[in-house]
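Comments concern the structure below.
Ligands are counted one by one from 1 in listed order, and the atoms in each one are counted from 1 as well.
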Amino acid sequence: MATAADELDGQVVMVTGASAGLGEHLAGVLASAGATIAITARRRDRLEGLAGTIEAAGGRALPVTMDVADPASIAAGVAETVAALGKIDVLVNNAGIAITKRAIDCTVEDYDQVMDTNLKGAFFCAQAVARSMIARGGGGRIINMGSLLGLKVLPQLSLYAVSKAALHHMTEAMALEWIRHDIKVNAIAPGYIETEMNRPNWETDGGKALIQRFPARRLGVPSALDGLVLLLASGRSDFITGSVIPIDEAQRLM
Ligand SMILES: NC(=O)c1ccc[n+]([C@@H]2O[C@H](COP(=O)([O-])OP(=O)(O)OC[C@H]3O[C@@H](n4cnc5c(N)ncnc54)[C@H](OP(=O)(O)O)[C@@H]3O)[C@@H](O)[C@H]2O)c1
């Protein structure tokens with residue numbers, strides 16, 4: 001029986017923020033499912049390492065240096081990908097940062113950094129890729145990386161939470177406008193997932209205490225996202241658009 005994964009054969013997927021964490025993991029999963037992956041981020045050396053790993057496993061990957069906080073860099077990265085791979089069928093709009101600070105202490109620079117990456121960056125990546133999809137006429141799928149913190153707030157993450165709530169709304173707005181071009185736009189809203197970057201936080205007393213408040217008293221692992229991302233990247237999710245789907249083992253209900 002065909003699976004959602006089989007349906008990615010011949011598909012081109014662009015993953016932003018693929019040099020680390022969830023983006024790096026998902027690029028590998030989508031490549032294993034048959035897609036050719038444009039892996040994008042600022043750290044070229046890490047992208048080249050990941051491309052080598054994907055190709056050693058029999059997949060195909062194109063490293064593309066791209067800073068999502070710079071619209072000119074996004075335009076160049078999308079153009080480079082389309083020139084090299086012919087098209088983009090799926091965008092995993094994943095690049096993101098968090099600044100942990102009380103709202104009272106956040107600076108204008110903090111605000112710009114978080115919003116330029118998580119919201120403006122995601123907006124113009126989606127727009128640039130959607131333009132290429134519309135020009136080609138074959139439809140496409142966009143998966144925005146939202147967050148539990150776009151659904152509920154926690155202390156010291158105000159800028160991040162605001163950016164992710166706006167990203168969820170952006171998902172609905174783009175889905176509404178682009179359905180006529182057969183472009184499906186959805187967001188996933190993961191709970192806390194342990195990655196290389198955030199691991200030290202979970203070893204602190206505060207991190208351990210937060211985990212004890214989660215209903216399942218454990219963190220997620222990156223592979224927890226695989227099934228949902230494969231579904232949203234494949235034609236099996238064709239009637240799903242404008243949806244923000246929590247994937248958090250009920251952490252949002254704590
Ligand atoms: N981990 C979690 O618990 C969790 C939960 C919910 C949602 N999320 C979301 O999932 C996404 C990935 O998070 P993560 O935990 O994997 O974080 P991570 O390990 O810190 O990785 C972040 C990625 O984003 C890239 N990035 C940051 N700024 C960029 C920029 N200006 N231009 C291009 N790429 C940029 C980084 O690459 P370079 O530095 O090389 O550019 C890196 O590849 C984020 O949107 C995050 O908000 C994470």
_I193 N/O to ligand 1 N/O under 3.5 Å_ = yes
_Heavy atom of the protein closest to atom 12 (C) of ligand 1 (residue, atom name, distance)_ = N94 OD1, 3.3 Å
*K184 bridged to D182 by N-O distance under 4.0 Å*: yes
*Which residue owns the protein heavy atom closest to atom 46 (C) of ligand 1, what's the atom, and how far is it?*
Y160 OH, 3.5 Å
*Hey, does L22 come in under 3.5 Å of ligand 1, counting only N/O atoms on both sides?*
yes
_Measuring only between side-chain heavy atoms, which start at C-beta, is F124 closer than 4.5 Å to V68?_
no
_When you measure from the side chain of T16 to the backbone of A95, do you find a donor-acceptor pair of N or O atoms at a distance under 3.5 Å?_
yes
*asked:* Within the 4.0 Å heavy-atom shell around R43, which atoms of ligand 1 are there?
replied: 36 (C), 37 (O), 38 (P), 39 (O), 40 (O), 42 (C)
*Salt bridge between E48 and R44, side-chain N to carboxylate O under 4.0 Å?*
yes
_Test your reading of the model: is there a side-chain donor-acceptor pair from N198 to the backbone of T195, 3.5 Å cut-off?_
yes
*Does ligand 1 have an atom that lies less than 4.0 angstrom from a heavy atom of P222?*
no
*Does ligand 1 have any atom sitting under 4.0 Å from a heavy atom of R46?*
no
_Heavy atoms of other groups near D45 CG, more than 12 under 6.0 Å_ = yes
_Can you name the atoms of ligand 1, numbered from 1 with element, that are less than 4.0 Å from a heavy atom of N198?_
1 (N), 3 (O)
*asked:* Heavy atom to atom 31 (N) of ligand 1, shortest distance: which of T117, T16, D67 holds it?
replied: D67
*Would you mind checking which non-hydrogen protein atom is closest to atom 18 (P) of ligand 1, with the distance to 0.1 Å?*
M197 CG, 3.9 Å
*When you measure from atom 42 (C) of ligand 1 to every protein heavy atom, which one gives the shortest distance, and what is it?*
S19 OG, 3.6 Å
*Please say whether G17 places an N or O atom under 3.5 Å from an N or O atom belonging to ligand 1.*
yes
*May I ask you to check whether Y192 has an N/O atom sitting below 3.5 Å from an N/O atom of ligand 1?*
no
*asked:* Closer than 4.0 Å to some heavy atom of G191 - which atoms of ligand 1 meet that?
replied: 3 (O), 5 (C), 6 (C)
*Closest approach of L232 to I188 (non-hydrogen atoms, all atoms of both residues)*: CD1-CG2, 3.6 Å
_Please list the nearest protein heavy atom to atom 6 (C) of ligand 1 with its residue and the distance rounded to 0.1 Å._
P190 O, 3.4 Å
*If you measure every N/O of R42 against every N/O of ligand 1, is any gap under 3.5 Å?*
yes
*Please state which protein non-hydrogen atom is closest to atom 17 (O) of ligand 1 and give its distance, to 0.1 Å?*
G96 O, 4.7 Å
_Min heavy-atom dist E196 to ligand 1 below 4.0 Å_ = no
*Answer yes or no: is there a donor N or O on one side and an acceptor on the other, between the side chain of N94 and the main chain of V15, under 3.5 Å?*
no
*asked:* So, 4.0 Å and heavy atoms of G146: is ligand 1 close enough to count as a contact?
replied: yes
_Given 3.5 Å as the limit, does a donor-acceptor pair link the side chain of K101 with the main chain of S158, or not?_
no
*Counting distance only, does the side-chain N/O of D248 pair as donor-acceptor with the main-chain N or O of L148 below 3.5 Å?*
no
*Flag, side chain of T204 to backbone of P200, donor-acceptor distance under 3.5 Å*: no
